[in-house]
Amino acid sequence: MTINPEAPVRVRIAPSPTGDPHVGTAYIGLINYIYARQRGGKFVLRIEDTDRARFVATSEQEIFNSLRWLGLSWDEGPDVGGPYGPYRQSERTEIYREHCDLLLANGTAYRCFCTAEELEAVRKQQMTAKLPPRYPGTCRHLKPEQVEGNLATGKPFVVRMIVPPHAGEATTSTTFRDELRGDITFEHNNVDDQVLMKSDGFPTYHLANVVDDHLMHITDVIRAEEWISSTPKHVLLYRAFGWQQPRFWHMPLLRNLDKSKISKRKNPVSLIYYRQAGFLPEAMINFLGLMGGGMPSPTAETAAGQPAAKASEADIFSLSDMLARFEVKNIRLGSPVFDLTKLKWLNGEYIRAASPESFFASLRSTILSDSYLSQIAALVQTRIETLGEFGNLTHFFFADDVLPTPEVFIPKKRTLEDTLAFAAEQLTVLEATDWTHETLEPALKQLGEEKQWSVKENFMLLRAIITGSTMSPPLLESMIVFGKARSLDRVRRFLDTQKKLATGKR
RNA sequence: GGCGUUAUGGUGUAACUGGUUAACACGUCGCCCUCUCAAGGCGAAGAGUCCGGGUUCGAGCCCCGGUAACGCUACCA
């Protein structure tokens, strides 16, 4: 049932283009990359774009850029091709359809005609009755002629997998091996009849992932811990198809400082942010490599070879060091906190270790790049009288944080509380808006109307938060040049700081 | 609520097949250096290994029972 241990190693990461590329993707990507490279295997990049509701058009390219920035290159993927393409799931819908039909035909899946509303109602009922929310299985017992009838009338349907026992079968649980934790067992009465094919004709993750991993000859599924609960469904699918299953490795989840799953509300998670804020890719990779402790202990190192000149150097290593010594098997299972403080220290170490030339080159390729500077120049040309004033108007483009005083950011007729509440609303709107003038302006204005904030108050507040001042180049253009990731971070930090100030005063 | 996973200073990690005063790094604090701030150097505080039992001469490592945190519980991944 399990994959032949001799099979050449093939692993993949499968990010979803639903927003900015995520540090979690980089982390899992790194582990997969190391695992493959250490075994002479292949590292595949697959784009899981089956969620059309959350699809973001620019996201895929940003994923490519960010992973390349970190030095994680893939052997097969949408942009580089490969023998098992296409590598974008939206281009494989026919494949999923065929495989879905296979399951329908061999009796391991069925069509379900329940509407979303009906299911929601059932779920609510179950919740109030303190029962686990489960699909009631209504359509599992539909007679063939009922199915035909529904099909004939064009009633929309989804396809669900049958979690055993099937009629006349005794299986009641599924056990699979997690390479890091050992055997994990799930009783089937806790596993729902998962939707495999949505009514829009797109597969869910569960179907697409199993079909693709099989067709792409993936030997090791190395993914985040959040998938453990759905692994039995995947195992059941491999069996339903009669396929060998890969090895499963579930990595610990990166956490916020408060131990919750890492999230943008509590921590910058966008790789674009880290790049634009001036983190070096080497430092980022190094830091991610520290998470989970896959590198051998410093003591083991010194015992074997020469003692580390400086103890802290045990924490400092490159991607190629990791290829030489990292052990995926040694990953610690407790979920590590993504601690910005230590990342910044590490980044500082890399900056200080760089030659003056390469440090300057880093500046010139990021925060002082021609493209960044020329965009900024365009914004201030008509607003300064000597070139020396350039910095007066633009320092916020080059600062890591700005802190407007209450006199600056609170509009005359508003209270601190109202202002912060409105800023929080602005953040929500900005998060959901494409980063162009045409979309930002109406979105912000609409919010202002809803909350009875004048355009002037509205924009002035945001200007204060972003630039630290009430006088600046045009706000939206500035935000666009500054970038979405960093702009959002600035608003979040502003709110955070004000919250801390408020609780401190009490 | 159900199911699953995890658990070593504030944070990341270490501790050989159970074996001495639980180690290193970040952070914090102090001192030195210094025109300032960093960097650098020196030093300190901070955990008795989630809790309770058990096995053992001996437990962070093994066993049992709790607890807590986190994840999943979608026609999202």
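Please read these numbers as outputs of a predicted model, since none were measured by experiment.
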(request) Give me the residues of residues 271-280 of chain A where at least one heavy atom lies under 4.0 Å from an atom of RNA chain B, by number, or none. (result) none
(request) Measure from the ring center of A:F241 to the ring center of A:H214 and say whether it is less than 6.0 Å. (result) no
(request) Answer with base, sugar-phosphate or nothing: what part of the nucleic acid does A:T18 contact at a heavy-atom distance below 4.0 Å? (result) nothing
(message) Using OP1 and OP2 only, check whether a side-chain N or O of A:T50 sits under 4.0 Å from B:A77.
(response) yes
(request) Measure from the ring center of A:Y35 to the ring center of A:W249 and say whether it is less than 6.0 Å. (result) yes
(message) I want to verify the glycosidic state of B:G48; is it syn or anti under the 90° rule?
(response) syn
(request) Could you give the distance separating B:A39 and B:U21 at their P atoms, to the nearest angstrom? (result) 36 Å
(message) Rounded to whole Å, please give me the gap between CG in A:D315 and P in B:A23.
(response) 17 Å
(message) So if I take every side-chain heavy atom of A:P133 and compare against B:C75, B:C3, B:A74, which nucleotide ends up nearest?
(response) B:A74
(request) Can you tell me the distance, in whole Å, between the CE atom of A:M322 and the P atom of B:U13? (result) 14 Å
(message) Please give the distance between the P atoms of B:G27 and B:G40 as a whole number of Å.
(response) 9 Å
(request) Could you check whether A:S199 gets within reach of a base, just the sugar-phosphate, or nothing at all, counting any heavy atom under 4.0 Å? (result) base
(message) For A:Y205 together with A:H234, are the ring centres under 6.0 Å from each other?
(response) yes
(message) Once you apply a heavy-atom cut-off of 4.0 Å, does A:V195 come out as touching a base, just sugar-phosphate, or nothing?
(response) sugar-phosphate
(request) Identify whether the distance between the nearest side-chain nitrogen and carboxylate oxygen of A:D101 and A:R97 falls below 4.0 Å. (result) no
(message) As a test of reading the structure: which of B:U11, B:A77, B:U5 is closest to the side chain of A:D339, going by heavy atoms?
(response) B:U11
(message) With a cut-off of less than 4.0 Å, is there a side-chain N or O of A:R123 near OP1 or OP2 of B:C75?
(response) yes
(request) Quick one: label A:R134 by what it contacts on the DNA or RNA (base, sugar-phosphate, nothing), any heavy atom closer than 4.0 Å. (result) nothing
(message) Taking the basic N atoms (NZ, or NE/NH1/NH2) and the acidic carboxylate oxygens, is any pair closer than 4.0 Å for A:R37 and A:D75?
(response) yes
(message) Nearest to the A:K342 side chain among B:A25, B:U6, B:A77, which nucleotide is it?
(response) B:A25
(message) Before we go on, tell me: are the rings of A:F287 and A:F338 under 6.0 Å apart, centre to centre?
(response) yes
(message) By the 4.0 Å heavy-atom rule, please label A:F186 as base, sugar-phosphate, or nothing.
(response) sugar-phosphate
(request) Return the 5'-most residue of the pair A:S230, A:D183 with respect to RNA chain B, ranking by each residue's nearest nucleotide. (result) A:D183
(request) Answer yes or no: does a side-chain N or O of A:K198 lie under 4.0 Å from OP1 or OP2 of B:C76? (result) yes
(request) Please determine if A:K342 and A:D315 form a salt bridge, counting it only when a charged side-chain N lies under 4.0 Å from a carboxylate O. (result) yes
(message) Can you tell me if A:K261 touches the phosphate of B:C72, counting only side-chain N or O atoms and a distance under 4.0 Å to OP1 or OP2?
(response) yes
(request) Could you tell me if the ring centre of A:F64 sits under 6.0 Å from that of A:W69? (result) no
(request) Using the C1' atom on both, measure B:U11 against B:C16 and round to a whole Å. (result) 27 Å
(message) On RNA chain B, compare the nucleotides closest to A:L343 and A:Y205; which residue's is nearer the 5' end?
(response) A:L343
(request) Report which part of the nucleic acid A:P336 touches: base, sugar-phosphate, or nothing (heavy-atom distance under 4.0 Å, all strands). (result) sugar-phosphate
(message) I'd like to know if A:R12 and A:E48 make a salt bridge, using a cut-off of under 4.0 Å between side-chain N and carboxylate O.
(response) no
(message) Contact list please: residues 51-64 of chain A against RNA chain B, heavy atoms, distance less than 4.0 Å, in numerical order.
(response) A:D51, A:R54
(request) Please state how far atom CG in A:D192 lies from atom P in B:C76, giving the value in whole angstrom units. (result) 14 Å
(message) As a test of reading the structure: which of B:C75, B:G71, B:G12 is closest to the side chain of A:L253, going by heavy atoms?
(response) B:G71
(request) Name the nucleic acid region contacted by A:I184, choosing base, sugar-phosphate or nothing; use a 4.0 angstrom heavy-atom cut-off, strictly under. (result) sugar-phosphate
(message) How many whole angstroms separate atom CD of A:E226 from atom P of B:A74?
(response) 15 Å
(message) Measuring only the C1' atom in each nucleotide, how far is B:G48 from B:G60? A whole number of Å is fine.
(response) 9 Å
(request) Please check the phosphate of B:U8 (OP1 and OP2 only) for any side-chain N or O of A:R332 closer than 4.0 Å. (result) no
(request) Between B:A25 and B:A77, how far apart are the P atoms? Round to whole Å, please. (result) 45 Å
(request) Using the P atom on both, measure B:C61 against B:G43 and round to a whole Å. (result) 33 Å
(request) With pairs defined as Watson-Crick or G-U wobble and both distances under 3.5 angstrom, please note down RNA chain B as a dot-bracket string, | for pairing with another strand. (result) (((((((..((((.....[...)))).(((((.......))))).....(((((..]....))))))))))))....
(request) Would you please confirm or rule out a distance under 4.0 Å between OP1 or OP2 of B:C70 and any side-chain N or O of A:R255? (result) no
(request) Using the P atom on both, measure B:U8 against B:A14 and round to a whole Å. (result) 11 Å
(request) State plainly whether the residues A:D400 and A:R490 are in salt-bridge range, i.e. N to O under 4.0 Å. (result) no
(message) Would you say A:K344 places a side-chain N or O within less than 4.0 Å of OP1 or OP2 belonging to B:A38?
(response) no
(message) Tell me whether A:D213 is salt-bridged to A:R46, with the criterion being a basic N under 4.0 Å from an acidic carboxylate O.
(response) yes
(request) May I have the distance from A:K233 (atom NZ) to B:C76 (atom P), rounded to whole angstrom? (result) 12 Å
(message) Once you apply a heavy-atom cut-off of 4.0 Å, does A:M197 come out as touching a base, just sugar-phosphate, or nothing?
(response) nothing
(request) Measure up the A:F279 and A:Y273 rings against each other and bin them: parallel (under 30°), tilted (30 to 60°), perpendicular (over 60°). (result) tilted
(message) Please determine whether a side-chain nitrogen of the Lys or Arg among A:E76 and A:K42 lies less than 4.0 Å from a carboxylate oxygen of the Asp or Glu.
(response) no
(message) Between B:A15 and B:A47, how far apart are the two P atoms, rounded to whole Å?
(response) 22 Å
(message) Side chains of A:Y96 and A:D212 only: does a donor on one sit below 3.5 Å from an acceptor on the other?
(response) yes
(message) Between C1' on B:C24 and CH2 on A:W345, what's the gap in Å once rounded to a whole number?
(response) 11 Å
(request) Taking only Lys NZ, Arg NE, NH1 and NH2, and the carboxylate oxygens of Asp or Glu, determine whether A:R364 and A:E357 approach each other closer than 4.0 Å. (result) no
(request) Return no unless some side-chain N or O of A:K259 is found under 4.0 Å from OP1 or OP2 of B:A7. (result) no
(request) Determine, for A:R140 against A:D193, whether the closest basic-nitrogen to carboxylate-oxygen distance falls under 4.0 angstrom. (result) yes
(request) Nearest whole angstrom, please: distance from the C1' of B:A38 to the CG of A:N347. (result) 15 Å
(request) Calculate the interatomic distance between A:L340 atom CG and B:U11 atom P; express it in whole Å. (result) 16 Å
